Amino acid sequence: MATTLGKNTPILVMIAIITGLLTFSFINSNGDFGDFGITVLSGLFQGMLLFLVASGLSIIFGLMDVLTLAHGAYFMIGAYVAYDVQHPGGVIDLTAAIPDPNLRFPVALIAAILVGAGLGVILERGLLRPLYSRPIFQLVMTFGVSLVMVEIVKAIWDTTIYSWQDRFGLQESFFELFGQQFSVYRLFVVGIGFVLIIGIALILRRTRIGIIIRAGVEDRQMVEALGINVQLVFTVVFTLGCAVAAFGGGIAAPFLGASNNLATDFLLQAVAVVVLGGMGSYEGTAAGSIMVGLAIAVAQKAAIGTAFTVLPSITPMLLLILILLLRPSGLFGSAHSS
Amino acid sequence: MTTRLIENLRENWLYWLIILFLLAFPFLVAAQTGSSPFGEPRGDRMVMRGESVRWQAVMIEIFILAILAMSYNLMFGFTGVLSFGHALFFGLSGYIIGLMLEYTGLDNGIALILGIGLAIAINGILGLLIGLVSLRLKGVYFAIFTLAVAEMAFIFFGRFALTRAEDGFTLTHVPIWLDATQNRITLYYVALGMGIFTFFAIRRLINSPTGAVFKAIRENEDRAQSIGYNTLTFKLIAITIASMLAASAGVLQVLLNKKVGPELLGIGNTVDPLLMTIIGGIGSFTGPVIGATGLHLLDTNIREATITIGSTVLHVSDFWGLLLGAIFILAVMVFPQGVVGTWIRLRMRWQKFTKSA
Amino acid sequence: MSAPVLEIRNIHTFIGQFHILEGVNVSVPQGSITVMLGRNGAGKTTTLKSVMGLTPPSQGAILFEGKPIHGKRPYHIAQLGIGYVPEHRAIFKTLTVRENLELAERQAHDLEKRIDFIFNLFPAMRQFYHYPAGNLSGGQQQMLAIARVLVPENRLLLIDEPSEGLAPVIIEELMAAIQKLAETSTVLLVEQNFRMASRLADRYVILDDGQSRVEGVMPELIKDEQLIQRYLGVA
Ligand SMILES: Nc1ncnc2c1ncn2[C@@H]1O[C@H](COP(=O)(O)OP(=O)(O)O)[C@@H](O)[C@H]1O
Ligand SMILES: [Mg+2]
């Protein structure tokens, strides 16, 4: 199949899966556009959050051959930092300086990004660098870091889950379409997600660092032999990846709350996305995120009132297994990369 | 015959010594602490109270973890196959034996024997099947595939009403002679026997021609393939045996705790053997055993401890995760060859030193 | 001839635990084409990689224009003005020809300044400028690999087996190009094709079993059939 359809197979498979999901969802909504729209928005929302974790994971893996199991913890840290800055009585209390919660939230997000980036530099420079030639040890070490970060979070903040109404002080607003209430914030997150998907794609396509990253995914040594300080690029990419994950946690926090579970939940799903998209392929990760997000939302909707309440949780894994059986290197993965 | 025995004793004296010690262990602790190795009688039942039975439980857990880590090491350390789904076999076998004992209405003894047989057989077949569909995946892809399968099982049993979902169910039909709350010492010897069997079976296997191919695959699969080995077959052998051994560990775990629940399938039961293998020493026979023993003793002894600095009292359990994380990081950064590898290196250095002196 | 641009002094290099280079001495004079000869596995590629710092030597010294470069990181060594054309033409297949060239820039506008020179040398480049490099033929990929080291100003070029697996017509074209390059840079070439090597090079050095054995000027080697027979197995 791969030979006859050649280069376009991944795109065709992807379109087939997404069309299948949407069609099923539409039928499942009994043709009600409002219902259908809610499901699609929810799917895109979840997909974008996944993308924010998975994109860093994927680019870091492609360039550095490092599967960092601490990446979910950066998402979690982002959520806690945003929560901390946002609510009264946090470690950094800005309620007096910026009384309007709606204005404080962007500052909270920036704080999340900065903390994520700072911890990213520390992890890359301090712990990862000595382990570049030992991939299995990187897995163990980053897992250890993830544990440590969860503990640090527990030590600083309560472990209760917080969300919108209780602590963020933000008011969720809605607009009406096809007789349904759509969340403005979700739409906003989806918008940011699309901007980032395209923005990162443009950086990878058009800028010098993008060219270096793509070349580095193919052959790091050769990039270095051309006179480019690859280790510096590693640090930059790793740091940005962590910053994006922390940003993801920050914008997810009003919805999902800040909780320790975010670390593992998002890590596992994001790893599934990266692998089914084809490791090291940015297109694969972007497409995979949206696909998995939609699939989860469709499954959530379909599972309501049935005995299959477990379906949405196992959907990412099911999709992963299905795709790997069809294409052993993932959707957009090249056969030789492993 | 006698010369071979002497030969064996000379080569393996340390192992024999350890085995003898472990055989005597419940009685040694009993003598040392003045407790009974069988627990204390209360009417016609036994109560598991006293140092000896407490330590037996700790040791049984160590045997279980060691078997799990050794089975993991067979795939990862000796064959080079990295799996993130080992908990699947461990947990599933727990469910199989639990279901047999509690849900079939068979006679306890028959249910137990059948359950053990089924748990090991089904997991062997499952390992083979998973290997068949997924071992053509390379490296990380295989690891993540196995993770996905195991996570699905974890999520499924976390919601499965028949097995009481998240809560799981307790075992009330364990035959009394193997009941950890009645005759713990029998379970101790069964687990010890299984541990010894696993250790020597793996050593035998790895030192056989089959084991040589395993190691060749670990060093360079393409090369092993090009000199004419069907590497897939050998990897299938490794995963099948490893999953059966992990299943036996799962059976023991359920018999020890008399409880079946989704946590058996959790990622922790994959990560633990991985870490124990790495900390003990990848691809060595004793490494996983040392890793399992060390980490579990640390867990049981330090976790409940308190540290008093001045007037503040710190409970270790409060920052246990932090400690554990720090141990992983340190182990990887400072002793990348694990305990066994570091020991061998130090010994080599010592020999060089004494020779040159 | 003037002082050597590159001087390799008795280097030893390990790959993992394997002792690959066990004493290699090479001297590359200014403005010359020096060819490194030797059987497969003699250590030629490893010598070039040792110069680039990709497999750093554990002993010995490497001097570039009189200054030691061993122990420096590969990117640093490259930035000093050394261009490396690796074995098997390691171009970036998913990048376009243009991106491959852009990657080699060390300063802004390097490519702009040199592009005409490159197009002159390899006219086919112009046609494939915006294609993924993976679509190029083997010969074109080799040309791209060479063009890549022409983008910045390199005073020394290390070229590893450029003719490997290519058709004779294309080899001729490559030879002409390398000759042209040698007008402005010094070249250390690894070449198995003895005919090509003997026509291009001024000097030779023979490696065997990880050691350099003989060094000299090319015309002498051509006459010495015994030496050729012994180390290279060609007549
Ligand atoms: N990564 C490696 N691991 C082990 N041995 C290697 C490696 N790379 C090269 N070698 C060995 O080093 C020797 C020299 O290789 P190389 O420098 O590529 O030789 P040449 O370029 O002269 O053919 C060969 O025997 C080769 O097998
Ligand atoms: Mg070579």
Side-chain angles (χ1 to χ4, degrees), chain A residues 6-8 10 58-59 62-64 125 129-130 132-135 201-237 277-285 329-330 332-337, chain C residues 15-16 45 48-56 72-111 130 132-135 144-145 147-154 157-158 160:
Chain A
K7 235 174 54 176
N8 295 322
S58 160
I59 295 176
L63 181 65
M64 305 162 60
R125 285 267 155 139
R129 185 160 291 187
Y132 274 141
S133 50
R134 303 204 297 263
L202 284 177
I203 289 174
L204 286 174
R205 288 289 134 210
R206 295 285 161 81
T207 65
R208 178 164 174 82
I209 187 149
I211 295 177
I212 294 173
I213 291 171
R214 280 186 291 139
V217 169
E218 273 193 61
D219 186 346
R220 273 173 284 170
Q221 279 216 330
M222 197 52 227
V223 175
E224 177 117 15
L226 287 176
I228 292 158
N229 186 350
V230 175
Q231 288 203 345
L232 187 65
V233 178
F234 281 6
T235 308
V236 171
V237 166
M279 305 202 67
S281 158
Y282 175 75
E283 297 90 329
T285 301
S329 302
F332 288 76
S334 52
H336 67 268
S337 67
Chain C
I15 298 180
T45 299
L48 295 191
K49 284 189 171 175
S50 299
V51 174
M52 288 310 298
L54 294 169
T55 55
K72 290 193 194 311
R73 295 263 314 280
Y75 80 93
H76 195 171
I77 293 170
Q79 283 175 356
L80 294 172
I82 303 180
Y84 175 47
V85 182
E87 208 172 25
H88 316 306
R89 40 193 103 98
I91 51 142
F92 302 103
K93 293 194 166 72
T94 59
L95 271 57
T96 65
V97 169
R98 182 202 167 116
E99 287 169 340
N100 266 277
L101 295 173
E102 274 177 359
L103 195 63
E105 286 186 326
R106 279 187 208 132
Q107 274 149 25
H109 312 298
D110 271 352
L111 182 57
H130 296 288
N135 293 4
L144 175 58
R148 209 164 49 179
V149 296
L150 302 180
V151 173
E153 242 171 67
N154 283 318
L157 302 180
L158 311 175
D160 200 348

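Order of the sequence lines sets the chain letters (A, B, ...), proteins ahead of strands, with each chain counted from 1. Everything numeric in this text was worked out from a predicted model, so none of it was measured.
Sorted by first then second residue, the salt bridge (charged side-chain N to carboxylate O under 4.0 Å, His left out) pairs that include residues 220-229 of chain A, not counting sequence neighbours, are Asp65(A)-Arg220(A), Glu224(A)-Arg73(C). Listed by first and then second residue, the salt bridge (charged side-chain N to carboxylate O under 4.0 Å, His left out) pairs that reach into residues 206-218 of chain A are Arg214(A)-Glu99(C), sequence neighbours excluded.
Taking both residues in full, the closest heavy atoms of Ile228(A) and Leu103(C) are given as CD1-O, 3.4 Å, listed atom of the first, atom of the second, then distance. Residues Tyr75(C) and Asn229(A) come closest through the heavy atom pair OH-ND2, 3.2 Å. Taking every heavy atom of both residues into account, Ala78(C) and Leu226(A) meet most closely at CB-C, 3.9 Å.
Taking the side chain as every heavy atom from C-beta outward, Phe92(C) and Val223(A) approach each other to under 4.5 Å.
The candidate with the highest count of non-hydrogen atom pairs below 4.5 Å against chain A, out of His76(C), Lys93(C), Lys49(C), Met52(C), is Lys93(C).
Taken from OG1 in Thr96(C) to CD1 in Ile211(A), the straight-line distance is 7.0 Å, to the nearest 0.5 Å.
Interface residue Ile91(C): only backbone heavy atoms are found under 4.5 Å from chain A.
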